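Note sheet for the following structure.
Keep in mind it's a predicted model, so treat the numbers as computed, not measured.
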Amino acid sequence: MSTLLLLCAIVHLGSHCSLVTSSYSPCTDLQPQDLLSEIIEGPWPLVNGVRMVQEHGARGLRLSQNVKAASFPASRIFKICSYFPVEFSIVITLKVTYLPLKKNEYIFTLLQESSNHMLLGLRVSSDKLHLEFSHGDHPYSHTKRATFRDLRLADRRWHTLVLAVTANIVSLTIDCCPPIDMFLDVLFPEQLNTAKSRFYIGSRRRQKGLFSGLLRQLVLLPGSDATQQICPNPNPRLAALSIPKILMELPLKPSETDIVKHPYETDVKVTIGSHPSCTETEASRLWFDVFNKDLYICDGKTWVSILQAKERLDYVENYQNLVTNSETLDVEIFEIPNIGLFAATANRKPQPGSTIFKWLDGKFEPYQNITTYEAQAWKYFSIGPEVFLAVANFEKNERNQEYSVIYRWSQRRLRFVLYQRLATHSARDWEAFQINGETFLAVANHREGDNHNIDSIIYKWNPNTRLFERNQTIPTSGAYDWEFFTIGPYSFLVVANTFNGTSTRIYSRIYIRLGGMFRLFQSIPTYGATDWEVFRVQERVFLAVANSQSYETGAVNRVNAFNINSTIYELNITAQMFVKFQDIPTNSAVDWEFFTVGDDSFLVVANSFDGSKFFLNSVIYRWQGYESFVPVHQLPTYGCTDWEKFHTADGSYLIYSSAKERISKVLKLKTY
């Protein structure tokens, strides 16, 4: 059986990708295969295995502990032949109330009937989603796993997920937001035999790992990525490809003699008194604790508070003074799977160079030094299982050569080793991103000599030579930062242009990728722009620019040149452009960082200089809806150049770098 070849040509805005095949003969119609309908509307419909529950205006199914009931033979789906499709997507709409840490629950599995050998499975935990598949149909075949981390699915809200698999790429789209791509170290098997196997919905044919949430949609779409069929969507959390008819119907109207009850949950009661038991039979029951004055719901195992407030930011406290080799212009936080959490500091002096720190026993410790030349920024990225770090060098080396360097993580040496040098011109920043499974690197070339109007370069990874090769040049003016983002199926790059040789009042530009290259999408006036930060609040898309100064050659009056507004822009879908949303007063801002705590959204700005001093307050702003972003915390900083947020098992932290001293500071977010 030959592998499907994904050929995508975007000719104009609104084009779609299509699958082309030469000799492939699918085992199913290339139509949505509704797995939920097979257990409730199939030839042998499930009678006692599920309950219909209506929550937040939508119906879902809650499965019982009868794991054999919610299953059906794979032959019902694979009618023509018995091989699982090479390329496919799975669409799930679910609602998970609560999952304890380290607990996993199966959304579905495909198991061989004669054994417990799993051919394919999907399971969810409190903050992860795991796709598991066997590399063959033999009972002892090795199982591969793709894990998507830092997800928030167990939040008592409906979510629609699209998981698309193509060769060694797994893409996850949640609620029509930009997809998360992951590379597998092996291809999905071309001949995964499903003969004599069964689908199990919400289980792995055993009691452990039963799915306790609600399922509204579970669809297999062979040979296609379903994202473009359901996104964009006015209600992305409930985006539908194929939902069982019984879940789409409106509640029945009671007769005049009937007592009106909650649809499908007619046995809802509130228990008052001492701590009652919580088992599967009490699932969805309510208990009011009169002593603590809290309302709880039974999830089948434990009582979960439904009045308890989400985590909120209280204050920020000093946690660690991170001593660096020299002044630091940038910090890159990253985690290497199975190795640990790291921070790479971009330091000014070449000797002993820039430092990579590792998080050990609750603080960062020096791990590796790398010679750099007035390093401006680090960028961490991966290609398949391989891990890389790219540094932007601003100055020339001892041989008068101007290179920025890519380092690769050595699994044998447990260190980063030199991998590739690329000629750059006073490089300020690297941006790594992936489009349709291909990896790109964009460098921000700031100036060549005294000429700031030069090209910045986009490089593309060549899997044959295993090197980055020049792919496209883009004219820039004192480029300082690149930011990549996606909206639906479209990819964007925005550059922060700082200086054109005479003025900082110039256009920074947003580019959209069409026809295999980036083309100008929009120009935005900026003042010495040093950073772009893209973020989303609910379904809205924003871009924040950090403006550093207002300067023109020959200008006499430079009062307040550094005390200028930085601006937040919002995507206007109707106008198909970003429009000004909010101005925020800043002092030579050089960086924005967006982060969330619980349900709250925050922006922190790096204020670096006010025209006379570098000791300034950087500010945290909180999203206040109608009031936009409002200041909530002032953080004393000294020559602040960069903010980064990171998490550990012990909590959430911010780290900022200083361009004026050899100390960067780690701050801990205290919540309540």
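In this structure, Phe381 has its ring center no closer than 6.0 Å to that of Trp461. The distance between the ring centers of Phe88 and Phe188 falls below 6.0 angstrom. In this structure, the ring of Phe78 has its center no less than 6.0 angstrom from the ring center of Tyr83.
A side-chain donor-acceptor contact under 3.5 Å links Ser115 to the backbone of His117. In this structure, Thr194 contributes its side chain and Ser75 its backbone to no donor-acceptor pair below 3.5 Å. With Asp175 contributing its side chain and Thr160 its backbone, the two residues share a donor-acceptor pair below 3.5 Å. Formation of a donor-acceptor pair under 3.5 Å by the Gln217 side chain with backbone atoms of Leu241 is found in this model. Between the side chain of Thr93 and the main chain of Arg216, no donor-acceptor pair closer than 3.5 Å is present. A side-chain donor-acceptor contact under 3.5 Å links Tyr380 to the backbone of Glu335.
Taken to the nearest 0.5 Å, the CG atom of Leu514 stands 9.5 Å off from the CZ atom of Phe521. Here the straight-line distance linking atom CG of Leu571 with atom CZ of Arg536 works out to 9.0 Å at 0.5 Å rounding. Atom CG of Leu493 and atom CZ of Phe485 lie 8.5 Å apart (nearest 0.5 Å). Atoms CG and CG, on Asp150 and Asp127 in that order, are 6.5 Å from each other to the nearest 0.5 Å. Thr596 OG1 to Leu313 CG: the interatomic distance, rounded to the nearest 0.5 Å, is 11.0 Å. Atom OG of residue Ser37 and atom CD1 of residue Ile243 lie 9.5 Å apart, to the nearest 0.5 angstrom.
Asp600 pairs with exactly one of Gln624, Arg622, Arg312 by the side-chain hydrogen bond (donor to acceptor under 3.5 Å, both in side chains) rule, that one being Arg312. With respect to Asp155, the side-chain hydrogen bond (donor to acceptor under 3.5 Å, both in side chains) criterion is satisfied by exactly one of Arg157, Arg152, His159: His159. When the options Arg205, Lys196, Arg198 are evaluated for a salt bridge (charged side-chain N to carboxylate O under 4.0 Å, His left out) with Glu113, the one that passes is Arg198. For the side-chain contact (heavy atoms from CB on, under 4.5 Å) criterion with Ile107, the lone passing option out of Leu129, Leu163, Leu35, Ile90 is Leu129.
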Using the rule given for ring pair (Phe, Tyr, Trp, His ring centres under 6.0 Å), can you reason through Phe542 versus Trp623, listing the C-alpha separation, both sets of side-chain angles and the distance that settles it, and then say yes or no? CA-CA 12 Å; Phe542 296 91; Trp623 172 257; 5.7 Å; yes
Apply side chain to side chain contact (heavy atoms under 4.5 Å, CB included) to the pair Trp158 and Leu214, showing each step before the final yes or no. CA-CA 9 Å; Trp158 287 106; Leu214 299 179; 3.8 Å; yes
Show the numbers, then the answer: is there a side chain to side chain contact (heavy atoms under 4.5 Å, CB included) between Thr147 and Arg145? CA-CA 6 Å; Thr147 298; Arg145 181 172 67 190; 3.6 Å; yes
Please determine whether side chain to side chain contact (heavy atoms under 4.5 Å, CB included) holds for the pair Phe84 and Leu120, giving the CA-CA distance in whole Å, both sets of side-chain angles, and the decisive distance to 0.1 Å. CA-CA 10 Å; Phe84 202 88; Leu120 184 68; 3.4 Å; yes
Evaluate Lys645 against Phe602 for side chain to side chain contact (heavy atoms under 4.5 Å, CB included), listing each step before the verdict. CA-CA 11 Å; Lys645 165 92 179 288; Phe602 297 90; over 6 Å; no
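Between Thr486 and Phe433 there is no side-chain heavy-atom pair separated by less than 4.5 Å. A heavy-atom distance below 4.5 Å is found between the side chains of Phe211 and Val96. Within the 4.5 Å cutoff, no side-chain heavy atoms of Val541 are placed close to those of Glu570. Proximity of Leu669 to Phe595: side-chain heavy atoms (C-beta onward) are separated by under 4.5 Å at one or more points. Using a 4.5 Å heavy-atom threshold, the side chains of Val91 and Leu221 count as separate. Between Leu184 and Lys144 there is no side-chain heavy-atom pair separated by less than 4.5 Å. Within the 4.5 Å cutoff, the side chain of Ser203 has no heavy atoms near those of the Tyr106 side chain. Side-chain contact between Leu151 and Leu172 is present, with heavy atoms from C-beta onward closer than 4.5 Å.
Across all their heavy atoms, Thr671 and Val597 have their closest contact at CG2-CG1, 3.8 Å. Closest approach of His130 and Ser125 over heavy atoms only: NE2-OG, 3.8 Å. The two atoms that bring Asn572 and Thr574 nearest to each other are OD1-N, 3.0 Å, heavy atoms only. Ser171 and Asp181 get closest at one heavy-atom pair: OG-OD1, 2.9 Å. Summarising the geometry of Leu192 relative to Leu119, their closest heavy-atom pair is CD2-O, 3.8 Å, with the distance given to 0.1 Å. Looking at every heavy atom in both residues, Ala240 comes nearest to Asn233 through N-ND2, 4.4 Å.
Looking at Asp225 and Thr227, their side chains do bring a donor and an acceptor atom within 3.5 Å of each other.
Applying the side-chain contact (heavy atoms from CB on, under 4.5 Å) test to Glu539 and every residue at least two apart in sequence or in another chain returns Pro236. Scored by the ring-ring contact (aromatic ring centres under 6.0 Å, His included) test, Phe199 finds Phe72 as partners (sequence neighbours excluded).
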